[in-house]
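Note that this is a predicted model, so its numbers are computed, not measured.
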Amino acid sequence: MQVIRTIAAFKAARRARAGSLGFVPTMGYLHQGHLALVRRCRAENDATAVSIFVNPTQFSPQEDLARYPRDEERDLRLLREVGTDLVFLPPPEEVYPPGFNTWVEVLGVTERLEGAHRPGHFRGVATVVAKLFNIVEPTRAYFGQKDAQQVVVIQKLVADLTMNLEVVVCPTVREPDGLAMSSRNVYLDPEQRRAALVLFRALELARTLYAGGERSADRIRARMTHLIQEEPRARIDYISLADPRTLGELSEIRGGVLVSLAVRIGATRLIDNVVLGVEQ
Ligand code: AMP
C-alpha cells in the first residue's frame with residue numbers, strides 16, 4: 001500500500017498503473033461503512049485508491065472541523081487489512097494552496113435539506129470532489145447512500161461536467177441495532193447513543209406506514225415528527241419526504257420517495273435516510 005501526501009507524487013503513482021482504478025473519497029476515522037465501499041471498489045477494479053481528507057471548505061465556521069475525529073494510524077491499518085493500493089492523504093495546503101479561488105457549485109438539488117441547513121457545504125463538497133477526481137483520475141468512484149443528497153449532487157456534477165467516470169452508490173451500513181455508522185457517532189455519550197436510535201426508528205415507522213399503503217407524505221412526516229419529539233434529547237433539523245431525483249418535497253407519494261432526516265442529539269448532528277418504492 002502506497003501512502004502519498006502530495007498531488008505530484010499521487011499523479012505519478014496513478015500514471016504508473018494500467019487498468020481500472022476505483023476511488024473511495026473519505027474524511028477518515030474509518031468505520032465499516034467506509035470499508036464496505038473499499039471492499040466493493042476492490043471487487044470491481046484492478047486497483048483501489050482511498051483519500052483521507054477532512055475538507056475544511058465543507059464545514060461552516062460554527063461546525064465541528066477542529067474537533068472532527070482523526071486517527072491516521074488506525075485508518076491506515078484498516079485500509080491495509082482490507083487491501084488498498086493507493087492512499088492519498090494530503091495536508092490542507094496541498095489541496096488549497098495560497099490563492100486558491102475556484103469553486104464548483106451545483107445549483108438546484110443543493111438548495112434543500114442539508115444544503116438549506118449547511119450553507120456552503122455542497123460548494124465545498126463539489127469543489128473538493130472535482131479536484132480529487134482530477135488528481136486520482138478514477139474509472140469508478142464509490143459513495144455511500146448514507147449521504148443521500150451528496151450522492152445526487154455528485155451524480156449531477158459528473159453528468160453536467162461530462163466527467164469521465166462512473167459513480168457507484170453503496171447501501172448504508174448500520175450498527176446491529178440500526179444506527180447508521182458515522183464517524184460522528186463517537187461524539188455520543190451512552191445516553192445520547194441510546195437516544196440516537198430515534199432516527200432509525202422514525203425511518204422504520206415510515207417504512208411500515210408506506211408498506212401498509214400510506215401515500216400521504218404529510219401524514220408520514222407528522223407521525224415521524226411525533227415519534228422523534230418523544231425523545232427529549234433529540235432536536236429535529238428537518239424531516240423530509242422528497243422525490244429521490246429532484247429532491248423536491250412531496251405531499252403525496254406517487255413514485256418512489258427519499259425519506260431523510262437530520263436530528264441533533266445534544267451537540268451532535270446526525271443524518272440518515274431510506275428510499276421507499278424504488279428498486280435500488
Ligand atoms: P465521510 O468520511 O463521512 O465523508 O464518508 C465517506 C464516504 O463513506 C461517503 O461516500 C459516505 O456516504 C460513505 N459512508 C459514510 N458512512 C456510511 C455508512 N454508514 N454506510 C455506507 N457508506 C457510508
Who pairs with His226 by ring pair (Phe, Tyr, Trp, His ring centres under 6.0 Å), at least two apart in sequence or on another chain?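 Expected list: none.
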Test of understanding: with ring pair (Phe, Tyr, Trp, His ring centres under 6.0 Å), list the residues that count as partners of Phe143, not counting sequence neighbours.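 In terms of ring pair (Phe, Tyr, Trp, His ring centres under 6.0 Å), with neighbours along the sequence ignored, Phe143 is linked to no residue.
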Enumerate, atom names and distances included, each donor-acceptor pair closer than 3.5 Å involving a side-chain atom of residues 10-25, sequence neighbours excluded.
unit_1 : atom_1 : unit_2 : atom_2 : d
Arg14  : NE     : Val136 : O      : 3.0
Arg14  : NE     : Glu137 : O      : 3.1
Arg14  : NH2    : Glu137 : O      : 2.8
Arg15  : NH2    : Glu137 : OE2    : 2.6
Ser20  : OG     : Asp46  : N      : 2.9
Ser20  : OG     : Asp46  : OD2    : 3.3

Distance-only check: which donor-acceptor pairs under 3.5 Å involve side-chain atoms of residues 198-206, not counting sequence neighbours?
unit_1 : atom_1 : unit_2 : atom_2 : d
Glu204 : OE2    : Arg207 : NE     : 3.2

Should [X] and [Y] count as side-chain neighbours, where that means a heavy-atom distance under 4.5 Å?
| X | Y | answer |
| --- | --- | --- |
| Arg269 | Glu114 | yes |
| Arg70 | Asp75 | no |
| Ile271 | Lys146 | yes |
| Val169 | Gln155 | yes |
| Val168 | Glu44 | yes |

Only counting residues at least two apart or in another chain, list the ones meeting salt bridge (charged side-chain N to carboxylate O under 4.0 Å, His left out) with Asp189.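 Here no residue qualifies.
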Check whether more than 12 heavy atoms from other residues, nucleotides or ligands sit under 6.0 Å from atom [atom1] of [X], and answer yes or no.
| X | atom1 | result |
| --- | --- | --- |
| Arg74 | CZ | yes |
| Glu93 | CD | yes |
| Arg40 | CZ | yes |

Solution key, residues 250-264 side-chain donor-acceptor pairs under 3.5 Å, sequence neighbours excluded:
unit_1 : atom_1 : unit_2 : atom_2 : d
Arg264 : NE     : Asp237 : OD1    : 3.2
Arg264 : NH2    : Asp237 : OD2    : 3.3

Residues forming a side chain to side chain contact (heavy atoms under 4.5 Å, CB included) with [X], sequence neighbours excluded:
| X | value |
| --- | --- |
| Pro69 | Tyr29, Ser183, Val186, Tyr187 |
| Ala195 | Glu231, Arg233, Ile265 |
| Gln62 | Ser60 |

Can you pull out every side-chain hydrogen bond (donor to acceptor under 3.5 Å, both in side chains) where at least one residue sits in residues 77-88? Sequence neighbours excluded, please.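 Sorted result for residues 77-88: empty, none.
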Under 3.5 Å, which donor-acceptor pairs do the side chains of residues 102-112 form with other protein atoms, sequence neighbours left out?
unit_1 : atom_1 : unit_2 : atom_2 : d
Thr110 : OG1    : Val106 : O      : 2.6
Glu111 : OE2    : Gly108 : N      : 3.1

Which Ile, Leu, Val, Met, Phe, Trp or Tyr residues join Met181 in one cluster when any pair of side-chain heavy atoms under 4.5 Å counts as a link?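 Noted: Met181 shares its cluster with Val173.
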